[in-house]
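Okay, so here's the structure we're looking at.
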Amino acid sequence: MATEAPEQLAADEVKSMSISDEVKPPSVAAESQPSSSSATPSVPLSLVEKYDILRSIAEECVQDEELKKLLANKAEPICYDGFEPSGRMHIAQGVLKAINVNKMTSCGCRVKIWIADWFAQLNNKMGGDLKKIETVGKYFIEIWRSVGMNLDDGKVEFLWSSKEINERAHEYWPRVMDIARRNKLPRIVRCSQIMGRSDQDELTAAQILYPCMQCADIFFLQADICQLGMDQRKVNMLAREYCDDIKKKNKPIILSHHMLPGLQQGQDKMSKSDLSSSIFMEDEEAEVNTKIKKAYCPPKEVEGNPCLEYIQYLIFPWFDEFTVERSEKNGGNTTFTKFEVLSAAYAKGEVHPGDLKPSLAKALNRILEPVRSHFKNDKAAKQLLQSVKNYRVTR
């Protein structure tokens, strides 16, 4: 394993600090920013409002009462999220994370986003090439800056795992070793889902180490809240179990967000290696239109309908509404302000896929246009994207 932290991109100076301390994000049109983008509400939020906003992020919360207690006793809880730099970014990662991070900062939380470069190497992403992984990590940050993640108030930190671990190795590795010592191998193997693996896969020794390290990350970053996808639940629960082992009273609270499905029938989540399953953050308008047109969207069926899920989890949180555009002959334009009303109308056949799909594509393109513009007009960002597109995605 390489032991040097990645050199920082001169244009970004993305260090172990708030990115906004050194770099202002590109200008993003107000209408393209998520409705949750205000990190400092004009009127302070009540505890109930903070709880409701944070709870809206999660498909599951472990545990609700602990979350309420945390908000009552800590003004700026620390939230942890992380990602493997592993190829082009799709909307499930780009748009949804921006929405969730903005919700967390609007409640006063500090968000530590863990750029898991060493973890990507352990999991053989980008063929285990740390330089390529570093480039992808910088590309990810450019995506979130350009789409409207709120980085202006110093509440979001991007931390490179290699750099942080090297600087505080005396804290990190004893924790990893203790977690490994206290758990049997089958329990660690059950966490393999966090790497996009199955417990039936033939894992490398590096992939056995990975869950122990990710569990240690939570304590290393002093996280009060783990805000990751449902696919990361098992290792987050391992961290809570570890708290029982070491008699630690305050356990990390788990806010697990919904995993958006792929575009086609039966695709549980978007995949970077399956181009048919994903809309990428810098896809051209025509590409988005074509992909949505081909997406699985059976008439009158709500369950298992990816188009409706994108509207529920991306469009409504971003715009607070969704407009179905159609001819007067077919009922005229209709604006929905609640997903439940839209889904009921769709189930009754009052909204047809032929009208829903182009309206969804139009809304997604409004969100993605600032990203496309940034990667076309910013020289450094354009070079990053070209490099990432040239890399072969590995797993």
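Numbers for residues simply follow the sequence, beginning at 1.
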_Check ion pair Arg145-Glu142 (N to O, under 4.0 angstrom)_ = yes
*Crowded around Lys68 NZ? As in, over 12 foreign heavy atoms under 6.0 Å?*
yes
*May I ask you to test the Asn330-His352 pair for a side-chain heavy-atom distance under 4.5 Å?*
no
*asked:* As a quick check of understanding, evaluate side chain to side chain contact (heavy atoms under 4.5 Å, CB included) for Val147 and Trp318, giving each step before the final call.
replied: CA-CA 11 Å; Val147 79; Trp318 200 278; 3.9 Å; yes
*For the ring pair Phe140 and Phe158, is the centre-to-centre distance below 6.0 Å?*
no
*Closest heavy-atom contact between Asn305 and Tyr296?*
OD1-O, 3.7 Å
*At what distance, to the nearest 0.5 angstrom, does CD of Glu284 lie from OG1 of Thr290?*
11.5 Å
*Taking a hydrophobic cluster as the set of Ile, Leu, Val, Met, Phe, Trp and Tyr residues connected by side-chain heavy atoms closer than 4.5 Å, whether directly or through intermediates, do Leu203 and Val235 fall within one such cluster?*
yes
_Assess whether a salt bridge exists between Asp178 and Arg181, defined as any Lys/Arg side-chain N lying under 4.0 Å from an Asp/Glu carboxylate O._
yes
*Between Asp117 and Gln121, does any side-chain donor sit less than 3.5 Å from a side-chain acceptor?*
no
*Cluster overlap Phe319 with Ile57, hydrophobic side-chain contacts below 4.5 Å*: yes
*May I ask you to test the Met213-Trp173 pair for a side-chain heavy-atom distance under 4.5 Å?*
yes
*State the CD-CZ distance between Glu59 and Arg233, to the nearest 0.5 angstrom.*
10.5 Å
_Salt-bridge contact Glu167-Lys163 (side-chain N to carboxylate O under 4.0 Å)_ = yes
*asked:* Apply side chain to side chain donor-acceptor pair (under 3.5 Å) to residues Arg326 and Thr334 and explain how you reach the verdict.
replied: CA-CA 8 Å; Arg326 53 193 173 185; Thr334 303; 2.9 Å; yes
_Contact summary for Tyr310 and Pro261, nearest pair of heavy atoms_ = OH-O, 2.8 Å
*Under a 4.5 Å cut-off applied to non-hydrogen side-chain atoms, are Leu356 and Leu342 in contact?*
yes
_Count I, L, V, M, F, W, Y as connected when their side-chain heavy atoms are under 4.5 Å apart, and connections chain through other members. Are Tyr139 and Tyr391 then in the same cluster?_
yes
*Are Trp118 and Asn166 close enough that some pair of their side-chain heavy atoms sits under 4.5 Å apart?*
yes
*Got a salt bridge between Arg88 and Asp283, using NZ or NE/NH1/NH2 to carboxylate O under 4.0 Å?*
yes
_Minimum heavy-atom distance Lys294-Lys357, with the two atoms named_ = C-NZ, 4.2 Å
*Should Val189 and Met237 be counted in the same cluster of Ile, Leu, Val, Met, Phe, Trp and Tyr side chains packed under 4.5 Å apart?*
no
*Between Glu134 and Lys138, is there a side-chain N and carboxylate O pair less than 4.0 Å apart?*
yes
*Just wondering, are more than 12 heavy atoms of other shown residues or ligands nearer than 6.0 Å to CG in Asp268?*
no
_Exercise: identify the closest heavy-atom pair between Cys212 and Val176_ = CB-CG1, 4.1 Å
*Got a sec: does the NZ of Lys338 have more than 12 other heavy atoms crowding it under 6.0 Å?*
no
_Side chain proximity check, Arg372 to Asn365, heavy atoms < 4.5 angstrom_ = yes
*In Å, rounded to the nearest 0.5 Å, how long is the span from CG of Leu209 to CE of Met177?*
11.0 Å
*Between atom CG of Leu151 and atom CD1 of Ile113, what is the distance when rounded to the nearest 0.5 Å?*
7.5 Å
*Asp81 pairs by salt bridge (charged side-chain N to carboxylate O under 4.0 Å, His left out) with which of Lys97, Arg110, Lys112, Lys103?*
Lys97
*Is the shortest heavy-atom distance from the side chain of Leu255 to the side chain of Asn100 under 4.5 Å?*
no
*Side-chain heavy atoms of Trp144 within contact of Val156, under 4.5 Å*: no
*Is there a side chain to side chain donor-acceptor pair (under 3.5 Å) between His258 and Glu309 once you walk through the steps?*
CA-CA 10 Å; His258 179 73; Glu309 289 207 28; 2.5 Å; yes
_Inter-residue atom distance Arg55.CZ - Leu67.CG, 0.5 Å rounding_ = 8.0 Å
*Supply the atom-to-atom distance Thr323 OG1 to Asn333 CG, rounded to the nearest 0.5 angstrom.*
7.0 Å
*Row check, Phe220 ring normal vs Arg168 NZ/CZ: under 6.0 Å, within 45°*: yes
_Are Ile78 and Ile254 connected into the same hydrophobic cluster when the rule is that any two of I, L, V, M, F, W, Y join if their side-chain heavy atoms are below 4.5 Å apart?_
no
_Donor-acceptor pair between Asp217 and Tyr172 side chains, under 3.5 angstrom_ = yes
*Asn150 and Val101, any side-chain heavy atoms less than 4.5 Å apart*: no
